[in-house]
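Following: one structure in structure tokens, then a few remarks.
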Amino acid sequence: MSLEIVFSGGDVDRAAHRRGEAALRAREPSARWAVAWRGRPLFRETGGSLRLAWTGATELKALPDLSTLPSVYLGEAPDGPRFAADATAALPDLAAPAQSFVDATRTELTPGRVFADLRAVMAQVDPTDAGDAATAKGLLEWHRTHGHCARCGAPSEMEDGGWRRGCPACGAKHFPRTDPVVIMLVLHGDRALLGRQAIWPERMYSLLAGYMEPGETIEEAVRRETAEEAGVPVGRVGYVCSQPWPFPASLMIACVAEATDDAIHRADAELEDAIWAEKAEVAASLRGEPARFTAARKGAVARTVLEAWVAGRISL
Ligand SMILES: [Zn+2]
């Protein structure tokens, strides 16, 4: 099924065969960097939309020479090589943004160039840039949190243009993590199962979701998570689509599933509430009309799946 998925696509060719020459590519005059600060990409604000601010090594006086920062090689764009660099340590004077579920604040670096929380602005980012921003964010975050070898504990080093870390002490190679998450449209007739977590914005309900566990198939994870969170038994499971979700390292695997009973028994404390929602009221909430709940935010795959279901594009 072809659905529009935020964070998919992008115009940078990963050019995996060139990762070994990343240091050389960084010296090309056409090299450009995606800059991140505290996990937030730098954007150019133009009108209402945000473009990733691809920046030359010495283009902005507010930043150090980007070729001197630890960089990951994203690949090749039509007009030259692309990198991502974390400038957090180089910008100690910028005030830290607030920590919240979705932080809409933007931190200005220079006029027209702002650092913004990717999750807060995902629906405004040009689709061509969103995928590149997700790759950059995911990769930089992995390096930030995986500085030591998971086998022997020694400090590890960036290799292969940032797509691997190697341990000089024991020789282990470590690769960027992707954590699969199942997110499911559980249906009972013309109703969908929605839940809410206590930390979410008030009245927001969304699809149930959970991390896959080792030794599980996608179908088994859908059944286990739905049973754990809502006590609802699930029969058939089908695949719908997937979405990279770099907060910090998830891959959302969207499924449609058939509930074989509609009684809800919340056993664990993960959800604050779970409800069955009629298709008509889901449609109303997606249109922004008064409803029992507000649906997931634009750009999140939960919303994409609910929109496709309301439009009659998903069935079991
Ligand atoms: Zn090691």
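For ligands, and for the atoms within them, numbers begin at 1 and follow the listed sequence.
- Side chains of Trp33 and Ser71: a donor-acceptor N/O pair is present below 3.5 angstrom, by distance only.
- A donor-acceptor pair shorter than 3.5 Å can be found between the side chains of Arg14 and Thr135.
- Applying the side chain to side chain donor-acceptor pair (under 3.5 Å) criterion to Arg44, with sequence neighbours excluded, gives no partner residue.
- Residue pairs meeting the ring-ring contact (aromatic ring centres under 6.0 Å, His included) criterion with at least one partner in residues 154-195, sequence neighbours excluded, are His188-Trp276.
- Contact check on Arg303 versus Glu307 returns a salt bridge, with a Lys/Arg side-chain nitrogen under 4.0 Å from an Asp/Glu carboxylate oxygen.
- By the criterion of a separation under 2.8 Å, the protein N/O/S atoms near the Zn ion (ligand 1) amount to Cys149 SG, Cys152 SG, Cys167 SG, Cys170 SG.
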Could you pull out all donor-acceptor pairs under 3.5 Å where a side-chain atom in residues 226-233 meets a protein atom, sequence neighbours excluded?
residue, atom, partner, partner atom, Å
Thr226, OG1, Val222, O, 2.7
Glu228, OE1, Arg224, NH1, 3.4
Glu228, OE2, Arg224, NH1, 3.3

